[in-house]
Amino acid sequence: MNLIFLGAPGAGKGTQAEQVCNALNIPTISTGNIIREALKNGTEMGLKAKSFMDAGALVPDEIVIGIIQERLAKDDCKNGFILDGFPRTIPQAEALDRMGIVIDRVIDIDVADEVIAQRVSGRRVCSECGNSYHVEFRPSKVEGVCDACGGTLVQRKDDQPETVVARLKEYHEKTEPLKAFYEAQGKLKSVQGQAEIADTTKLVLEAVGAAE
Ligand code: AMP
C-alpha cells in the first residue's frame, strides 16, 4: 500500500507513520529526516537545504523531488511505503504522478494551530536515528536518551517558536491545497488528531483500512 501522511508540522505524521509502518511492515520515508541526515554528513544537498530549513521555509521542489525519486527506487519500497512530509506542494504531487507512482490513500492528520505550538515545543528527536519523542506526551524511558538506539535527544532548531510560525504559514499556503488535490481523486481521508497518540493511531489504521 502506497500512503501519504499529510498534516501541519507537529501534527504527529512522523509518530503515526512509525506506528503504522510497523503494523503494515512497509518503510516510512521522511524527506525531513533524509535532509537532516544529509546536513549531518555535510553533503552538497544538505548544505543547499540548510538555509531554507533553518528559516522554516520549504526546500525548493527540485531538491526534494530528486531525493524522493532516488529513495522510492530502492528495493524496500516495492511492497509499499508511507511518505511522511512529501509531497508538500502541488508540483511535488504532480512529480509523483509523472514518476508513475500510484498513491492508494492520503491520510490527513488534522490538528489546530494552537495545539501544534504546544506540541512542537515539547518535541525532541534523536540526533542519531531521528526517532521522535515528546517530553510530556511521549517521553523516552531515560530522559534525553533515545529508546531505540541510545542516541542523544535534542530539540530541532526549526522547532523553536518563531520558526514554527513560519512553518505553519508555509503549510497553510503551499501544503494545505494538497487536500483538495487528493480529495478530487477520492484518496483523501481526514483524521482528527487526538490528545493520546494511541487514539490517533487507531483512527489512522481505520482510515488506512488496516484496523483489526
Ligand atoms: P519535517 O521533518 O518533515 O518537519 O521537515 C523539516 C523541514 O525540511 C521542513 O520545514 C522543510 O524545510 C524541509 N522539507 C522536508 N520535506 C520537504 C518537502 N517535501 N518539501 C519542501 N521542504 C521539505
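When a ligand or atom number is given, it counts from 1 through the structure's own listing order. From a predicted model like this one, the values you see are computed outputs, not experimental measurements.
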- Query: With hydrophobic residues grouped by side-chain heavy-atom distances under 4.5 Å, do Met99 and Leu83 end up in a single group?
  - Reply: yes

- Item | Same apolar cluster (I L V M F W Y, side chains within < 4.5 Å links), Ile103/Ile109 | no

- Check side chain to side chain donor-acceptor pair (under 3.5 Å) between Asp158 and all other residues, then give those that pass, not counting sequence neighbours. Arg156

Ignoring hydrogens and angles, write down the donor-acceptor pairs under 3.5 Å from the side chains of residues 134-141, residues two or more places apart or on other chains.
from	atom 1	to	atom 2	distance (Å)
His134	ND1	Glu136	N	3.0
His134	ND1	Phe137	N	3.1
His134	NE2	Arg119	O	2.9
Arg138	NH1	Glu18	OE1	3.4
Arg138	NH1	Ser132	O	2.8
Arg138	NH2	Glu18	OE1	3.1
Ser140	OG	Val142	O	2.8
Ser140	OG	Val145	O	3.4

- Message: Can you pull out every side chain to side chain donor-acceptor pair (under 3.5 Å) where at least one residue sits in residues 65-81? Sequence neighbours excluded, please.
- Response: Arg71-Asp76, Asp75-Lys78

Under 3.5 Å, N/O to N/O: give me all the pairs between ligand 1 and the protein, one per line with atom names and distance.
from	atom 1	to	atom 2	distance (Å)
ligand 1	2 (O)	Arg36	NH1	3.0
ligand 1	2 (O)	Arg36	NH2	2.8
ligand 1	2 (O)	Arg156	NH1	3.2
ligand 1	2 (O)	Arg156	NH2	3.3
ligand 1	3 (O)	Arg88	NH1	3.0
ligand 1	3 (O)	Arg88	NH2	3.1
ligand 1	4 (O)	Arg88	NH2	3.2
ligand 1	4 (O)	Arg156	NH2	3.1
ligand 1	4 (O)	Arg167	NH2	3.2
ligand 1	12 (O)	Ala57	O	2.7
ligand 1	16 (N)	Thr31	OG1	2.8
ligand 1	16 (N)	Gly85	O	3.4
ligand 1	16 (N)	Arg88	NH1	2.8
ligand 1	19 (N)	Gly85	O	2.9
ligand 1	19 (N)	Gln92	OE1	2.9
ligand 1	20 (N)	Gln92	NE2	2.9
ligand 1	22 (N)	Val59	N	3.0

- Query: Can Glu183 and Lys179 be counted as an ion pair, charged N to O under 4.0 angstrom?
  - Reply: no

